[in-house]
A.B. asks: 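The structure's right below; bear with me while I get my questions together.
In listed order, ligands and their atoms are each counted from 1. Residue numbers start at 1 and run along the sequence shown.
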Amino acid sequence: MPEHAQPADPDLHTADPEIAGLVEAERTRQRDTVRLIASENYASAAVLQATGTVLTNKYSEGYPGKRYYEGQQVIDQVEALAIERAKALFGVAHANVQPYSGSPANLAVYLAFLAPGETVMGMALPAGGHLTHGWSVSATGRWFRPVRYGVRKETGRVDMDEVRDLARAEQPKIIFCGGTAIPRTIDFPAFAEIAREVGAVLVADIAHIAGLVAGGAHPSPVGHADVITTTTHKTLRGPRGAMIMSTEEHARALDKAVFPGLQGGPHNHTTAAIAVALKEASTDGFRAYAHAVVDNAKALAEGLISRGFDLVSGGTDNHLLLVDLENKSLPGKQAAKALDRAGIELNYNTVPFDPRKPFDPSGVRLGTPAVTSRGMGTADMDRIAGWIDQVIEAEKAGDEAGVEKVAAEVHEFARAFPMPGLHA
Ligand code: DSN
């Protein structure tokens, strides 16, 4: 018998009914709403189960076969599987599955290739880029010298001539392509040509579109970008985590930058769930899902355009839509909050050349990864576009009853679609 009694080990509902209740409330909220946040999704039951395992108990500084702690007989196999699946799915020579999330993954790229003060070129945040591509409030914009490209005002699309001119003038050491609010296909070959010309490392941040790339619904950066970073929880439908993929040439520098450069022990429970998600993403079913995400985004775009909404770039090629609400005379934040009350969840967002401030911008961003995971199809997208229109008009008229009427319809509609992971 142990000298000290073991601590009691009740389940969550018994140990902490308050947190258990909140988890349950969030589960219900996710089930009963139409989730259009472009960066969110529903992870499968298998992914959620892998996340909540004893793998959380283990420290594993280092990499498979070369660790600083003992007891890695199982963890090494888990991480090796995740790596092999990432390499096979994306067709890359090297994969690091340890970054805690997208921002640390991008920071590792800086650590691998840049000294403080050296030049990074990325898409400006208000044009659709990410904070970590050198935006001023991010460490990446403070510790390095950022130069930024945007989109053409008339087209809402990246101007590759501007990118080339800027790269020639500023001679960046790394160039980021990709971002968080880009509704159009990223031209990886064109970026690669420019990066080669100026001797820069091309980094494709495919966090938003990784699932589309894996499923063949967006061109792949492999063969064009030197380095590919991605989160694992957006279109890829995995746990909250990230990966860095590269050619063999950059493997060592990137691995050293992740550990010991930036991180300690990897989150092994997350690594296991990434492995599960990568297995799921290599199926025919996932390829169909990726194409359905794009079909739904196009249908949602058509539904909104037909109701007079102004889409940045005039539409979408991927999972994401950016709507400029200026012609509807309603600020993005007010629209997003009214839609949230109606059970339609999205985020307010700056639009290119936005005259308003980032915390109260002109636009909203929408995406179809989560609703597609629920099994909603193109006809449902038109219905959702109709509800969005009704809520915007009700909000403008101060008609809260109108918002509530839509909310009742949305909740009934959403509950009819099974939610992945619900019983995990
Ligand atoms: N927060 C992510 C997004 O919503 O796009 C980017 O980091």
A.B. asks: Answer with yes or no whether E40 contacts ligand 1, where contact means a heavy atom under 4.0 Å from a ligand atom.
C.D. replies: no
A.B. asks: Examine K173 relative to F113 and say whether NZ or CZ is less than 6.0 Å from the centre of the six-membered ring and inside a 45° cone about the ring axis.
C.D. replies: no
A.B. asks: Heavy-atom contacts under 4.0 Å between R365 and ligand 1: side chain, backbone, both, or neither?
C.D. replies: side chain
A.B. asks: Among all protein heavy atoms, pick the one closest to atom 2 (C) of ligand 1 and tell me residue, atom and distance.
C.D. replies: K234 CE, 4.0 Å
A.B. asks: Could you tell me, atom by atom, which parts of ligand 1 come under 4.0 Å of a heavy atom of S39?
C.D. replies: 3 (C), 4 (O), 5 (O)
A.B. asks: For atom 7 (O) of ligand 1, what's the nearest protein heavy-atom neighbour? Residue, atom name and distance, please.
C.D. replies: H130 NE2, 2.8 Å
A.B. asks: Could you tell me, atom by atom, which parts of ligand 1 come under 4.0 Å of a heavy atom of T180?
C.D. replies: 5 (O), 6 (C)
A.B. asks: Between H130 and S103, which heavy-atom pair has the shortest distance, and what is it?
C.D. replies: CE1-OG, 3.7 Å
A.B. asks: Run E326 and R356 through salt bridge (charged side-chain N to carboxylate O under 4.0 Å, His left out) and show every step you take.
C.D. replies: CA-CA 10 Å; E326 202 192 341; R356 301 178 64 90; over 6 Å; no
A.B. asks: Is the closest protein non-hydrogen atom to atom 4 (O) of ligand 1 under 4.0 Å?
C.D. replies: yes
A.B. asks: So, F188 versus F191, ring centres under 6.0 angstrom or not?
C.D. replies: no
A.B. asks: Can you measure from CZ (F359) to NZ (K357) and round to the nearest 0.5 angstrom?
C.D. replies: 13.0 Å
A.B. asks: What atoms in ligand 1 come closer than 4.0 Å to a heavy atom of H208?
C.D. replies: 3 (C), 5 (O)
A.B. asks: Identify whether the distance between the nearest side-chain nitrogen and carboxylate oxygen of E79 and R67 falls below 4.0 Å.
C.D. replies: yes
